[in-house]
Structures are given as structure tokens and as C-alpha cells.
Amino acid sequence: TAAGRLIIKTEFLPTKYRGYMLPLSQVFWLAGSLLIIGLASVVVPSIGWRWLIRVASIPGIILIVAFKFIPESARFNVSTGNTRAALATLESIARMNRAAMPEGTLVEPILEKRGRFADLLDDKYLRTTLQIWVIWLGISFAYYGIILASAELLERDLVCGSKPKVVETAGDPESQSPCHCHMFAPSDYQTMIISTVGEIALNPLNMLGINFLGRRLSLSITMGCTALFFLLLNICTSSAGLIGFLFMLRALVAANFNTIYIYTAEVYPTTTRALGMGTSGSLCRIGAMVAPFISQVLMSASFLGALCLFSSVCVICAISAFTLPIETKGRALQQIK
């Protein structure tokens with residue numbers, strides 16, 4: 001999963017490189033997003049969406065085999081007392097980098113118990129955990145909301161107060177179907193590709209913000225800008241203007257995800273890091289489940305109402321990010337509480 005991948009990268013990377021290398025992994029997420037849009041433009045019009053799902057599942061099957069070759073985190077092995085496996089991993093890294101292992105013996109106190117859910121809610125991490133959960137839910141809500149809203153804007157032409165397109169039912173010209181289902185035109189796929197490229201556009205600025213402004217301030221700024229651009233979608237503009245707004249929103253929501261991924265992986269100690277990321281991921285899924293009801297149901301009834309709701313959630317997340325009690329910029333990963 002994305003959370004597990006990020007945890008492993010976080011535990012392998014030195015502190016000074018985490019703020020740069022982790023956002024760069026967004027390039028591969030972008031490549032996958034562009035690939036699925038390109039596949040959809042070819043597969044859906046010719047053999048249908050079911051074949052798109054089948055083709056898209058192939059990389060996941062390949063990954064099942066690839067996971068076997070990913071080394072376990074040395075930090076995790078040490079924290080569980082498996083120093084032999086941790087030493088083997090570190091020696092492999094040293095050989096790969098043509099470096100010598102430091103002198104000495106790898107020693108770490110063996111923990112009597114693993115991380116528990118209650119550890120996320122103890123006095124030290126209670127406020128941090130609750131605010132992180134709010135931020136994860138809100139970021140996911142906004143991310144999947146703008147993806148689905150992009151399709152709705154292109155399919156139904158909801159901007160500027162225009163009436164939704166209506167599809168006539170075959171065999172009965174007088175009847176009309178309320179489902180508004182019709183195929184994307186090539187220009188719609190082009191718009192989706194352009195807006196998706198936005199997910200990498202702010203990466204350089206995002207990396208600078210994360211490393212110089214800190215995780216909390218950087219996230220609060222990008223969340224505030226996300227709220228603003230959601231409201232700007234209500235402005236009557238040209239097709240190019242709409243694409244520009246969608247481009248910026250995709251760039252901002254991707255920057256939000258970059259920052260909260262890094263912050264969550266850094267703020268918890270090794271014993272509870274996977275648990276913290278896992279519970280945050282659960283809130284992320286809830287946000288993703290709620291988003292379609294706003295982007296595809298409420299937006300049809302009240303375009304401005306849906307945008308205001310998305311914007312309000314982003315404002316709440318911006319405030320939560322700004323008031324997070326712990327800043328992890330330049331902070332070494334914690335092994336135990």
C-alpha cells in the first residue's frame with residue numbers, strides 16, 4: 001500500500017533527504033495516473049470500461065511478486081530484537097553504496113510490547129493524532145472530490161449556470177434520461193491529462209516549503225490555497241480558465257498529500273509508526289467514500305453549495321495543520337515513545 005511504501009522509505013532515508021526524496025515519488029504516482037487516462041481513452045470507446053478494469057489490475061498482480069524483493073526496515077528489525085536481519089540489510093546497503101560499515105555492534109533495547117492503538121491516544125500524542133485524522137480525512141475528501149468533480153464538470157457542463165446535458169433514450173425521442181451518461185470526447189481526455197499533470201507542477205515549491213517553512217506551515221498554506229481555488233471554480237470563465245483552475249487544484253491537493261504523508265511518518269516512533277499511518281489511512285478511505293456524494297450528487301443540485309463544502313473542509317484542515325503541536329522538520333525519527 002501507499003502507507004507501507006512511505007513508511008519503509010522514511011525509515012531508510014536520512015533526515016536531511018526525507019523532505020526532498022519523498023515528494024519526488026509523486027512522479028511515479030503521476031505516471032500511473034496519466035497511464036490510466038491514456039488507457040481509458042483507447043480501451044473504453046473500443047471494448048468498454050470492464051476491460052479497462054481488467055487491464056489496470058495487471059500491475060497490482062505483478063507487485064505481489066515484486067514485494068518479495070523489498071527489504072524489511074532495519075529500524076523495525078532492531079526494535080523487535082532481530083538484529084541479525086537488520087545487520088544484513090545494512091550491510092547490503094553499504095555494499096550497494098560502496099561504503100564501509102561503521103565500527104561497533106548494532107545494539108538496541110528489545111521492546112517488551114509492540115505499539116498499540118491506545119499509544120496513539122496517550123497524553124503525548126492525543127492532540128496530534130486527532131488533528132492528523134481530521135487532516136487526512138479532509139485531504140482525501142478534497143483530492144478525490146476534485147478528481148470526480150473534474151469529470152462532472154466536463155460531462156455535465158455545470159459551470160456558469162448552464163443546464164446539464166440530457167441524453168435522449170433510444171427508440172423514444174420524446175423521453176429523456178436523467179442519468180446524463182455519455183462518452184468522453186477526446187478533448188475531455190486531454191483536459192484530464194493536463195489537470196493531472198498539475199500533480200507534479202508544485203513539487204519544487206512543495207519541497208522548498210517542506211524543508212524551509214516546516215511541515216505544519218507548508219501544509220496550512222497549501223490547504224488554504226486549496227480552499228480558495230475550490231471557490232474560484234464558481235467563476236464563469238473560458239474552457240482554458242477552467243483547465244487552469246483544475247490544474248492548480250490538482251497541484252495543491254497533491255502537495256497536501258505529500259506533506260501529510262511525510263509528517264505522519266515522522267511524528268510517530270518506530271513502534272507505532274505503521275499503526276499511525278494505518279489508522280490515518282482508514283480516515284483517508286472515509287474521506288474518499290464521502291467525496292462522490294458531494295462531487296456527483298450535491299454538485300448536480302447545488303454547484304456552489306458543493307464548492308463551499310469542499311472549501312470549508314479545507315479551511316478546517318488548514319487550521320488543524322497550523323496548530324499541530326509537534327514540528328518534525330529536522331527531527332530524527334523516534335524509536336520509542
Side-chain angles (χ1 to χ4, degrees), residues 1-11 13-16 18-19 22-23 73 75-76 79 111 113-143 206-207 209-227 252-288 290 312-337:
T1 63
R5 165 182 56 81
L6 190 97
I7 291 171
I8 290 178
K9 285 194 294 184
T10 300
E11 295 184 349
L13 288 170
T15 301
K16 63 180 180 179
R18 285 199 302 265
L22 295 177
S73 166
R75 287 177 179 270
F76 175 79
S79 69
L111 301 176
K113 59 182 180 180
R114 302 281 184 89
R116 303 170 300 166
F117 180 78
D119 294 335
L120 300 176
L121 301 176
D122 67 9
D123 293 339
K124 183 177 181 179
Y125 290 106
L126 176 61
R127 180 181 160 191
T128 300
T129 297
L130 294 179
Q131 289 183 230
I132 283 177
W133 285 351
V134 169
I135 295 169
W136 270 94
L137 191 151
I139 289 178
S140 175
F141 179 67
Y143 180 82
N206 187 216
M207 286 188 285
I210 288 172
N211 288 283
F212 291 98
L213 298 179
R215 280 56 161 160
R216 295 180 302 181
L217 182 56
S218 177
L219 181 57
S220 63
I221 290 173
T222 54
M223 286 302 311
C225 292
T226 305
L252 288 165
V253 293
N256 296 335
F257 255 131
N258 280 342
T259 310
I260 194 60
Y261 262 124
I262 294 171
Y263 182 86
T264 307
E266 290 178 335
V267 75
Y268 292 114
T270 301
T271 53
T272 55
R273 186 171 297 118
L275 188 60
M277 290 291 293
T279 54
S280 298
S282 299
L283 271 295
C284 177
R285 300 298 176 266
I286 294 174
V290 174
S312 299
V313 171
C314 290
V315 169
I316 292 172
C317 290
I319 296 172
S320 297
F322 188 75
T323 57
L324 281 167
I326 302 173
E327 173 57 71
T328 62
K329 173 190 169 186
R331 179 175 179 255
L333 293 181
Q334 309 296 301
Q335 285 294 105
I336 57 177
K337 293 196 300 179

Engineer: How about I316 and I319: do any of their side-chain heavy atoms sit closer than 4.5 Å?
Structural biologist: no
Engineer: Taking the side chain as everything from C-beta on, heavy atoms only, tell me whether R216 gets closer than 4.5 Å to T259.
Structural biologist: no
Engineer: Do L219 and I139 come close enough that some side-chain heavy atom pair is under 4.5 Å?
Structural biologist: yes
Engineer: How close do N211 and M207 get, counting heavy atoms only, and between which atoms?
Structural biologist: ND2-O, 2.6 Å
Engineer: What's the spacing between M277 CE and I260 CD1 if we round to 0.5 Å?
Structural biologist: 9.0 Å
Engineer: Taking K124's backbone N and O only, do any of them form a donor-acceptor pair with T128's side chain (distance below 3.5 Å, no angle check)?
Structural biologist: no
Engineer: Which is it for T323 and R127 under the side-chain contact (heavy atoms from CB on, under 4.5 Å) test, yes or no, and what are the steps along the way?
Structural biologist: CA-CA 10 Å; T323 57; R127 180 181 160 191; 3.8 Å; yes
Engineer: Taking the side chain as every heavy atom from C-beta outward, state whether C284 and F141 have any pair of such atoms under 4.5 Å apart.
Structural biologist: no
Engineer: Check whether any side-chain heavy atom of S218 sits under 4.5 Å from a side-chain heavy atom of N206, and report yes or no.
Structural biologist: yes
Engineer: Provide the closest heavy-atom pair for G224 versus A318 in the form atom of the first, atom of the second, distance.
Structural biologist: N-CB, 3.9 Å
Engineer: Can you list everything that forms a ring-ring contact (aromatic ring centres under 6.0 Å, His included) with Y263? Sequence neighbours excluded, please.
Structural biologist: none
Engineer: Please determine, by modelled atom types, if Y268 and T129 share a side-chain donor-acceptor pair under 3.5 angstrom.
Structural biologist: yes
Engineer: Quick one: CZ on R215 to CD on E266, what's the gap to the nearest 0.5 Å?
Structural biologist: 4.0 Å
Engineer: Please name the residue in the list I132, L126, L275 that meets the side-chain contact (heavy atoms from CB on, under 4.5 Å) test with L120.
Structural biologist: L275
Engineer: For S312, which residues count as a side chain to side chain donor-acceptor pair (under 3.5 Å) partner, sequence neighbours excluded?
Structural biologist: none
Engineer: Taking side chain to side chain donor-acceptor pair (under 3.5 Å) as the definition, give me every residue that meets it alongside T264, ordered by chain and number, with sequence neighbours left out.
Structural biologist: W136
Engineer: For V267 and Y125, work out which heavy atoms get closest and say how close.
Structural biologist: O-CE2, 3.4 Å
Engineer: At what distance, to the nearest 0.5 angstrom, does CG of N256 lie from SG of C314?
Structural biologist: 7.0 Å
Engineer: Which heavy atom of L324 sits nearest to which heavy atom of Q131, and what is that distance?
Structural biologist: N-NE2, 3.5 Å
Engineer: Roughly how far, to the nearest 0.5 Å, is the CD1 atom of I262 from the CZ atom of F257?
Structural biologist: 13.0 Å
Engineer: Using a 3.5 Å distance criterion without hydrogens, assess whether the side chain of S140 forms a donor-acceptor pair with backbone atoms of A288.
Structural biologist: yes
Engineer: Looking at every heavy atom in both C317 and M223, which two are closest together, and how far apart are they?
Structural biologist: CB-CE, 3.5 Å
Engineer: Between K329 and I210 (side chain of the first, backbone of the second, donor and acceptor by atom type, cut-off under 3.5 Å), is there such a pair?
Structural biologist: no
